[in-house]
Amino acid sequence: MMRKEVMCVHVRTLPLLLVVVAGVDWTHAAQDECKDYQVQFERVFSVPGDAAMINCTLASPDVFNLSAASYEVDWYRAETGRRLRNASRRVLIRGETLWLLNVTMQHDGHYQCVLRTSAARCYKQSTRLVVERPVRGECGRPRKATQLLTVGVTDTLSCPIKEVLNKLRSYAVPASVTWYRGCDVIENGFDGHAYRDRARLKIQDVDTRNNHSYTCTLNFNLGGVAASMSETIQAWVQEDYCFLPQVLQPADDIVKAARGSRLKQTCRVFVPCIGTVPDDPVVDLFWLDDINFISTNNSERIFASEPRVWRASDSPKGMWLESVLTISSLEDTDFLVNYTCRVYSARGWPQAHFALLPQEPDVLVAVGCVFGGMVALVVFALVVYFHFKIDMVLFFRSSFPICYANEEKDGKQFDAYVTSYYPLSCQLDISHEALTFALHVLPQVLEKACGYRLFIAGRDSLPGQATVDSVHDNMMASRRLLLLYGASSFACTHRHHNDKQTNNNNNNNTNNNNVGEYACLEPRRQHECAVAMHQALMEGTLKVVLVELEEVSAAQLALFPESLRHLRRKQGAVCWWKNHKRHNQNRQQNQKSWTTCTKKSSPSRTSTQDQAELCSSPCLSPSSRFWKEIRYHMPVRGKRAAPHERISLLKV
């Protein structure tokens with residue numbers, strides 16, 4: 001019976017064992033069908049208590065087409081073939097990454113990544129995890145990375161956990177880094193140490209005290225489990241050190257040269273060093289064209305000299321290197337080429353170049369000369385125009401009268417109406433001279449020499465005609481109005497006006513009439529001034545030409561009527577007194593010249609004698625500056641025969 005029972009037991013358990021064996025065999029069989037990439041060359045190191053991260057590198061375009069198929073990754077313990085799954089506080093799988101959150105010595109071994117695609121492809125690869133015990137009595141990891149620091153400068157240590165830090169960033173998992181020097185925590189900003197970019201430590205003014213071990217610890221929380229990962233760096237301070245060479249010449253510029261000329265360009269390099277400057281900086285310097293290295297054989301048309309090396313005699317310390325590129329005779333093939341000076345060193349390959357172009361005529365100089373000439377010509381033209389404007393206008397009028405409208409048909413009878421601001425009751429000498437200028441000098445030049453028609457009150461007025469009608473009609477029949485005034489024209493007027501106001505105040509008279517401005521003038525001239533200012537300033541129908549007989553000071557100008565001051569500011573005045581200054585050197589000569597110029601001609605003189613006197617006197621010459629200005633302001637008319645001489649109705 002016992003034997004049967006035993007046999008019965010064996011018969012019942014056999015199917016279960018077959019199922020288990022079949023399951024195990026199927027798993028191994030599936031992995032055996034995968035393409036095996038063997039063990040990764042890079043290993044993962046850890047210590048008990050730290051976390052370890054193992055990446056599957058099969059999800060790569062070098063293995064299969066990622067865009068053509070989806071995939072899934074499984075992790076196995078290679079020694080046992082057991083599939084690893086997420087286990088709280090121990091194992092965490094995220095995508096292609098296996099996390100061991102609390103490593104023990106039993107985790108030492110191989111971990112296999114099996115990748116299966118939707119296209120029925122399978123790939124596998126193993127990664128070796130090395131778990132090492134810490135060295136007793138030492139802080140940090142037993143396996144250390146080596147990094148060099150340069151004495152006397154600010155240098156940086158980099159923690160070798162950037163890959164882990166980037167993976168945590170992709171999970172949006174916060175992490176922090178703490179640095180240790182030996183067993184002591186390094187506070188950020190203390191003793192010249194500063195944390196940079198979460199995984200680097202900046203050290204200012206490196207010295208021999210920094211020959212020490214530094215440990216960086218990454219702290220994070222993954223899957224609800226607090227974990228950390230550390231790396232230890234052994235820092236070695238270099239007291240003798242040379243930096244990256246600096247190419248100072250050429251300066252990446254453009255060089256222009258003429259065909260057939262000789263060209264020399266220098267390549268100058270400085271190698272900064274700290275500590276003892278070596279005799280040989282282990283730096284090579286070469287010249288290159290666009291394709292090849294340039295030979296150092298000086299018998300060739302293009303060659304480079306052997307580098308000359310010397311130590312810097314002062315600060316900063318370092319070595320100088322110099323090589324000269326020589327092209328004995330420039331040819332067409334040498335142009336449009338970049339010539340490069342390249343330096344080979346253990347720190348890098350800095351270089352600089354220059355581009356060689358054929359020399360051409362300097363367009364900028366030509367453009368500058370043309371532009372400068374044009375500017376000078378414009379300035380000269382402006383100076384000539386403003387200085388000789390009147391002469392040019394008068395010449396154009398006389399040479400091309402066809403360009404101007406004929407004013408004979410405008411209904412006007414006179415070219416100018418002559419009046420003055422000089423009162424007869426004040427300063428009789430000046431008034432007499434002004435009247436003489438109006439009755440004799442103006443007609444002698446403008447009428448006899450220039451052919452203009454003038455209306456002069458006292459000479460051309462009709463007997464018995466009303467003053468208001470005479471002024472209005474003759475002024476409307478004139479194309480211009482010549483207004484004569486001097487410096488003392490309104491001194492008497494101003495005093496008379498003040499006296500009148502005083503008398504009015506004493507008599508309690510409230511009349512505010514402003515005729516006091518012209519109170520010293522006779523009624524006709526008073527009316528002439530009022531009508532002239534009204535037509536010139538209010539209506540704009542009459543152009544007034546101001547003729548200033550005496551030099552006017554600022555105090556005298558303040559006594560002028562506002563209307564006259566406004567007109568003088570707006571258009572200026574033709575100054576008779578300047579004509580005297582040009583031909584006389586002192587006041588006595590001015591007075592003599594005035595007397596000569598204003599002296600009435602004898603009635604017995606003939607027209608020929610008058611013309612001879614006119615030409616001989618500089619004051620009465622139409623070509624003088626004063627008369628040119630008068631003619632410039634007068635109407636545009638061609639020269640014509642002088643009118644018949646009239647017998648003056650009013651003799652002074």
Side-chain angles (χ1 to χ4, degrees), residues 390 393 397 407-408 410-424 431 434-447 450-462 465-486 489-490 493 515 517-518 520-550 552 560-576 626-637 643 646 650:
I390 295 177
V393 170
R397 288 179 183 177
E407 295 187 357
E408 295 288 344
D410 61 356
K412 303 290 186 177
Q413 183 179 358
F414 303 102
D415 291 312
Y417 187 106
V418 181
T419 186
S420 68
Y421 255 130
Y422 277 99
L424 293 176
S431 300
L435 187 59
T436 303
F437 179 85
L439 291 176
H440 298 283
V441 176
L442 284 177
Q444 192 172 3
V445 177
L446 295 183
E447 288 185 339
C450 301
Y452 289 106
R453 292 193 184 100
L454 303 179
F455 179 88
I456 303 175
R459 187 195 72 174
D460 301 320
S461 302
L462 296 177
Q465 187 179 14
T467 301
V468 175
D469 295 337
S470 175
V471 171
H472 182 268
D473 294 342
N474 291 307
M475 198 171 291
M476 292 297 295
S478 302
R479 300 181 181 92
R480 298 287 186 273
L481 185 137
L482 297 181
L483 181 58
L484 314 179
Y485 67 91
S489 294
F490 298 95
T493 302
V515 296
E517 287 188 350
Y518 312 109
C520 277
L521 301 178
E522 64 181 18
R524 179 184 182 88
R525 291 181 182 176
Q526 185 178 22
H527 186 64
E528 285 177 343
C529 295
V531 173
M533 290 297 115
H534 179 79
Q535 291 188 10
L537 299 177
M538 302 299 294
E539 297 181 359
T541 58
L542 183 63
K543 181 176 180 180
V544 177
V545 180
L546 302 180
V547 181
E548 194 170 288
L549 301 179
E550 299 174 308
V552 180
F560 280 31
E562 180 61 31
S563 58
L564 183 59
R565 280 184 289 168
H566 172 76
L567 201 61
R568 189 176 184 270
R569 286 194 303 267
K570 181 179 178 182
Q571 66 182 39
V574 183
C575 299
W576 169 257
F626 172 77
W627 295 111
K628 285 183 178 180
E629 291 187 33
I630 292 290
R631 291 160 54 199
Y632 174 79
H633 291 289
M634 290 294 285
V636 181
R637 299 175 61 85
R646 297 186 178 185
L650 178 62

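As the structure is a prediction and not an experimental result, all values here were calculated from the model.
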Trainee: Would you say that Tyr485 contacts Arg568 through its side chain, given a criterion of any heavy-atom pair below 4.5 Å between the two side chains?
Mentor: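 They are in contact (side-chain heavy atoms under 4.5 Å apart), so the answer is yes.
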Trainee: Could you measure the distance from the OG atom of Ser478 to the NZ atom of Lys412? Nearest 0.5 Å is fine.
Mentor: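 Ser478 atom OG to Lys412 atom NZ measures 7.5 Å (nearest 0.5 Å).
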Trainee: Is Met634 close to Cys450 at the side-chain level, that is, under 4.5 Å between some pair of heavy atoms?
Mentor: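 No, every pair of side-chain atoms sits at 4.5 Å or beyond.
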Trainee: Is Leu446 close to Leu482 at the side-chain level, that is, under 4.5 Å between some pair of heavy atoms?
Mentor: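 Yes, side chains in contact.
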Trainee: Is the backbone N or O of Tyr632 less than 3.5 Å from a side-chain atom of Arg397, with the two atoms forming a donor-acceptor pair by type?
Mentor: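 Yes; judged by distance alone, with no hydrogens or angles, the pair exists.
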Trainee: What residues form a side chain to side chain donor-acceptor pair (under 3.5 Å) with Lys628, not counting sequence neighbours?
Mentor: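 Side chain to side chain donor-acceptor pair (under 3.5 Å) check on Lys628 returns Asp391.
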Trainee: Within the 4.5 Å heavy-atom criterion, are Phe626 and Val547 side-chain neighbours or not?
Mentor: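 Yes - at least one pair of side-chain heavy atoms lies under 4.5 Å apart.
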Trainee: List in chain and number order the residues that pass side-chain contact (heavy atoms from CB on, under 4.5 Å) with Leu542, two or more places apart in sequence or in another chain; answer none if no residue qualifies.
Mentor: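 Listed in chain order: Met475, Leu481, Gln535.
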Trainee: Over all heavy atoms of both residues, which pair between Asp415 and Tyr452 is shortest? Give the atoms and the distance, please.
Mentor: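 Distance-wise, the nearest heavy atoms are OD2-CA, 3.3 Å.
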Trainee: Supply the atom-to-atom distance Arg480 CZ to Ile630 CD1, rounded to the nearest 0.5 angstrom.
Mentor: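 Result: 11.5 Å between the selected atoms.
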Trainee: Could you give the distance from NE2 (His633) to CG (Leu546), rounded to the nearest 0.5 Å?
Mentor: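 It comes to 9.0 Å.
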Trainee: With rounding to the nearest 0.5 angstrom, report the CZ to CZ distance, Arg479 to Arg453.
Mentor: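 It comes to 7.5 Å.
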Trainee: How long is the span from the CD1 atom in Ile456 to the CD atom in Glu447, to the nearest 0.5 Å?
Mentor: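 With rounding to 0.5 Å, CD1 (Ile456) is 5.5 Å from CD (Glu447).
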Trainee: Is any side-chain heavy atom of Glu548 less than 4.5 Å from a side-chain heavy atom of Trp576?
Mentor: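 No, too far: nothing below the 4.5 Å cut-off.
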Trainee: Which distance, rounded to the nearest 0.5 Å, do you find between the CG of Leu483 and the CG of Leu567?
Mentor: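 It is 8.0 Å, given to the nearest 0.5 Å.
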Trainee: Identify, with sequence neighbours excluded, every residue that meets side-chain contact (heavy atoms from CB on, under 4.5 Å) alongside His534.
Mentor: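 Scan of His534 (side-chain contact (heavy atoms from CB on, under 4.5 Å), adjacent residues dropped) gives Met538, Glu539.
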Trainee: With a 4.5 Å cut-off on side-chain heavy atoms, are Trp627 and Val441 touching?
Mentor: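 Yes; the side chains approach each other to less than 4.5 Å.
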